[in-house]
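The structure under discussion appears below in the form of structure tokens.
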Amino acid sequence: MLRTHNCGELKIKDVGLNVTLCGWLHRLRNLGGMTFIDIRDRYGITQLAFDEKTNKTLCDFAQTLGREYVLQVKGVVKERSSKNPKMPTGDIEIEVNEIKILNKSKIPPFTIEDNTDGGDELRMHYRYLDLRRNIIKLNLSLRHRLSILIRNYMNDNGFMEIETPFLVKSTPEGARDFVVPSRMNVGQFYALPQSPQTFKQLLMVAGFDKYFQLVRCFRDEDLRADRQPEFTQLDCEMSFVEQEDVLQMFEGLIKYLFDKEKGLQFNKFPRLTWEEAMRLYGSDKPDIRFGMKFVEINDEVKGNGFSIFDNAELVVGICAKGCANYTRKQLDELTDFVKRPQVGATGLVYIKCGEDGIKSSIDKFYSVEKLEQIAHKFNAEKGDLILILAGEKGKTRASLSCLRLELGTRLGLRNPNTFAPLWVIDFPLLEWDEETHRFYAMHHPFTAPKPEDYEKLFTHPAEVRANAYDLVVNGVELGGGSIRIHDRKMQNDMFKALGFSEEEAQNQFGFLLDAFEYGAPPHGGIAFGFDRICSVFSGVESIRDFIAFPKNNNGRDVMLDAPSNISLQQLDELNIKLK
Ligand code: ASP
């Protein structure tokens, strides 16, 4: 090794030791007679000291070194006269007697600090420099630790990690596929997998009754902070199980991760049915770190001549504790918030339960007694503010959910170091799409209907519930899965409900349908967004900084400058003609 120690390990007990360190020049300070260099590697930072009095030549040389030079230094560990309790190595410094430049560096385009002066695009362009920053290094270390913990838990519970292919077949369901042209099969394309769903089911047919894989998945979707075109799943499947078995196994995993990584213990995770989650929080991934549950007040408000409420399918509100003193301006801000196109409400009604009585934006239509009756329904106390939206059920719930989260943030109720996991269960099997006028599978087409709802598939498809579940933490969907169909007839029925002809189903999923005829066991599973697990554990929204080489919001790798054009010769070989 070119070094005897790393830059994070020397402590007071090492005083007197002759050491050799390697690392990057992090900072250089010239204080007249003394020059100090902070040398940095993956493990930390150590201070190097050069005294003009003892070795002027070396001190002069040290002063010529630039930021991010790669150095090898030899010296003796000394106790510092002014210690830095904030640094693990802050009690010591190295009195250097030899220094060698292992490689020079150009001046980096941004500072390698937690609070860097580099903008997003610049840092993405020089990602290898960005990765030198402590903050990102910590994120990737967390990711590594979680991956090891996951593998331990899965292994301890008898799961086998099995790899599945990346060059697969394109299917029209789900998100858009990334496709890869095949040179040897002219005019034909592979797709990159959106998930290994069908493969893991085939592994169950093959008898590998407990499978998992930390696996890259690819989806050509519009990007947001919590989405990347390629991302990693912890993908899992089990045979001979019912929903309860899957929930327990993976509740166990999440508890294990919280315990080992954060020292946090949890009781049994709460469970909400999808219907309850939508009714109480307007969302299938509720943030239950705080209450502020929805209260529906159709019965209380209709028939008083206020046409907006009278004509609405749903009138529903939330009670913000201690907010009755909100000013006109603050209320206007909230009204503007709900009217933003992303939130989509047309207006906001308030009832203030003030010290000096009840006041409301609708007191023209409702008597004080009536308003008090409504406030009572919310369990509102003096000092509380009730905020009400009205309109079509689905949209109104979605808008109120945004408002609830916004208020939760404003009121400091969404502490990133508090974790509130829950299961959302009993999702509907199908979802109607107004645009294409057909049903889509809410989870995916391989999800089984609840046995008691199966018959409704033919009569009332919208009412069929599935044994499908999501694990939600702090308003983020960390994972989702279901009990699968393992019977050819049921799978055919499902495709029929989704509007597939028998021929289309056979063309696209024949391999799976056929496999179901060779002894497919009952099975079910789940997949977690691994990048999201990392970001939620760190209390941040963006998954990008938990991925070593992420894409930007346009799906570009700005360092590689990909995607890029390919040569005419390559296009020719692939028999692709660009318009
Ligand atoms: N394959 C599913 C997904 O990617 C998860 C599952 O059902 O196991 O969402």
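All ligand and atom numbering here is 1-based and tracks the order in the structure. Just so it is clear, the values below take in all heavy atoms, side chains as well, and ignore hydrogens, waters and symmetry mates.
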Only heavy atoms of [X], strictly under 4.0 Å: list the atoms of ligand 1 that pass.
| X | result |
| --- | --- |
| Gly481 | 6 (C), 7 (O) |
| Ile526 | 8 (O) |
| Arg484 | 6 (C), 7 (O), 8 (O) |
| Ser195 | 1 (N), 4 (O) |
| Arg219 | 3 (C), 4 (O) |
| Lys200 | 6 (C), 8 (O) |

For atom 4 (O) of ligand 1, which of Gln197, Glu237, Gln233, His443 has the closest heavy atom? Gln233
Got a salt bridge between Asp235 and Lys200, using NZ or NE/NH1/NH2 to carboxylate O under 4.0 Å? yes
Can you tell which of Gln233, Arg143, Gln228 makes a side-chain hydrogen bond (donor to acceptor under 3.5 Å, both in side chains) with Asp531? Arg143
Hey, do the aromatic rings of Phe218 and Phe166 have their centres closer than 6.0 Å?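 For Phe218 and Phe166, the ring centres are under 6.0 Å apart.
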For Gln194, which part has a heavy atom under 4.0 Å from ligand 1: side chain, backbone, both, or neither? neither
So, using side-chain contact (heavy atoms from CB on, under 4.5 Å) as the criterion, who are the partners of Lys169 when residues are at least two apart? none
Of all residues at least two apart in sequence or in a different chain, which pass the side-chain contact (heavy atoms from CB on, under 4.5 Å) check with Asn134?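 Asp114, Lys137, Leu138.
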Determine the interplanar angle of the Phe495 and Phe509 rings, folded into 0 to 90°, and report it as parallel if under 30°, tilted if 30 to 60°, perpendicular if over 60°.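 Phe495 vs Phe509 ring planes: parallel.
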